[in-house]
Amino acid sequence: MANCCGGVLAAEVSKAGGLGLVGHANTLENLKIEVEKGRKHLGLKDDDPLPFGVGLVLWKLETPEVTQAEAGSLSSSFLSYVVSLSAHSVWLAFSPRLEEWVKRYRQTEAKEGKRKEAFVLVMTSRTEDTLAARDWEGVDAVVAQGTDAGGHGPGHKMGLPLADLLEKVLPRYPPTTRPFLLAAGGLSSSDSISNVLSKYPSVAGVVAGTAFTVADESLWARPQKELVVQTKSAEETDRGLEWDEIRNQLGWEKGIDGRAIRNKTRGREQSLYADGKLEKGLGPNLDEVGVWAGTGVGDVKSIKPAAEILRDLVSNL
């Protein structure tokens, strides 16, 4: 949820009883700014542990996105900073070397002398990776992401819809031992969440993204949130790399793409915001920019505080 889930949103979700995460968007400086916003929002001191987590988009710290020399220095800087926060959790995603990243994070914790380790989550895109991650040392939870998910994740050639993915991996995940299995993809309502948890007892929890893009505390501009609310169903979304191409953000691992609401970049003949108001500084150009949304987008009905969204999502549990 980079560029959407900043410090205030992460703080509010965690304050309300969920696990909020600050998404790593572009630079370490940007990440520090958002973390400090969350810390200030909760009235924390500089050395207080963070009750929310930090998520890293790892390909941005690897070659060929950066040089070999830059990759070593940059990744060490990020890992050292995240460890220094004593954050509740760390989310690692989007790298073919996820297991190596987990080892590096745990080694950095040990080097820094942290007595309280973070809860480490890894998000996997392939069925085989989800199965393999069960045996990775240092992992507390594995997020099985289906192709239903909004934003970036496994394309149809790499991944499976969430239900199919869970059927394949659940036998490897006993419900009472770590790493726990979390489900992600298309879960934007209390019904969809309760259905997954009741049908698959080994699933320890769920990840909801699209539902929180429209939170008052989300970093998205108002027009982006309005577009999500006005989108009626999954049929108005699609997966592809076109939205990354117009931003020149093409460092994703082969097989990864993004699910967004169709627009002139992909499949929508007329934008809902073609009246020129966006050119007046009221938000991004929604004719082109990817407004990420999963298949549960039709369940997102209104813009409201994150705490209220969380209460609605868990109301059937």
Next item on the list: Can you sort out the partners of Asp140 under salt bridge (Lys or Arg N to Asp or Glu O under 4.0 Å), two or more places apart, ordered by chain and number?
Entry: Arg106, Arg178
Item checked: Closest heavy-atom pair and its distance - Ser89, Leu21 -> OG-CD2, 3.9 Å
Note to self: Do Ser75 and Arg104 pair up side chain to side chain, a donor and an acceptor below 3.5 Å, judged on atom types alone?
What the structure shows: yes
Checklist line | Donor on one side chain, acceptor on other, Glu253 and Ser95, under 3.5 Å | finding: no
Notebook entry, point to check: How close do Gly23 and Leu31 get, heavy atom to heavy atom, and via which atoms?
Noted result: O-CD1, 4.5 Å
Item checked: Val90 vs Leu121, side chain to side chain contact (heavy atoms under 4.5 Å, CB included): CA-CA, chis, key distance, verdict -> CA-CA 6 Å; Val90 179; Leu121 307 95; over 6 Å; no
Check: Any ring pair (Phe, Tyr, Trp, His ring centres under 6.0 Å) pairs touching residues 73-93, not counting sequence neighbours?
Finding: His24-Phe78
Checklist line | Polar contact flag, side-chain donor to acceptor under 3.5 angstrom, Asp257-Trp243 | finding: no
Note to self: If I compare all heavy atoms of His152 with all of Arg247, which pair ends up nearest, and what's the gap?
What the structure shows: CE1-NH2, 4.0 Å
Notebook entry, point to check: For the residue pair Gln145 and Pro154, what are the closest heavy atoms and their distance?
Noted result: OE1-CD, 3.1 Å
Next item on the list: Considering only NZ, NE, NH1 and NH2 on the basic side and carboxylate oxygens on the acidic side, decide whether Lys304 and Asp312 come within less than 4.0 Å.
Entry: yes
Check: Going only through I, L, V, M, F, W and Y residues with side-chain contacts under 4.5 Å, is there a path from Val289 to Leu219?
Finding: no
Checklist line | Carboxylate-amine/guanidinium proximity below 4.0 Å for Glu62 and Arg97 | finding: yes
Margin query: Between Ser73 and Ser76, is there a side-chain donor-acceptor contact under 3.5 Å, judged purely by atom types and distance?
Written below: no
Next item on the list: Show the numbers, then the answer: is there a side chain to side chain contact (heavy atoms under 4.5 Å, CB included) between Gln249 and Lys60?
Entry: CA-CA 10 Å; Gln249 293 283 321; Lys60 295 191 175 186; 3.5 Å; yes
Item checked: With sequence neighbours excluded, residues passing ring pair (Phe, Tyr, Trp, His ring centres under 6.0 Å) with Tyr200 -> none
Note to self: Restricting to side-chain contact (heavy atoms from CB on, under 4.5 Å), what partner residues turn up for Arg134, sequence neighbours left out?
What the structure shows: Arg172, Tyr173, Pro174, Thr177, Pro179
Notebook entry, point to check: Can you pull the ring pair (Phe, Tyr, Trp, His ring centres under 6.0 Å) pairs that have at least one residue in residues 52-77, sequence neighbours excluded?
Noted result: Trp59-Trp252
Next item on the list: Kindly assign one of parallel, tilted or perpendicular to the pair Phe119 and Phe180, based on the angle between their ring planes and the thresholds 30° and 60°.
Entry: parallel
Item checked: ring pair (Phe, Tyr, Trp, His ring centres under 6.0 Å) partners for Trp101, two or more places apart -> none
Next item on the list: Considering only NZ, NE, NH1 and NH2 on the basic side and carboxylate oxygens on the acidic side, decide whether Glu100 and Lys103 come within less than 4.0 Å.
Entry: no
Margin query: With a sphere of 6.0 Å drawn around CG of Asn248, does it hold more than 12 non-hydrogen atoms of other residues, nucleotides or ligands?
Written below: no
Check: Does a donor on one side chain and an acceptor on the other come within less than 3.5 Å for Thr27 and Glu29?
Finding: no
Notebook entry, point to check: Can you name the closest pair of heavy atoms from Ala306 and Glu12 and give their distance?
Noted result: CB-CB, 4.2 Å
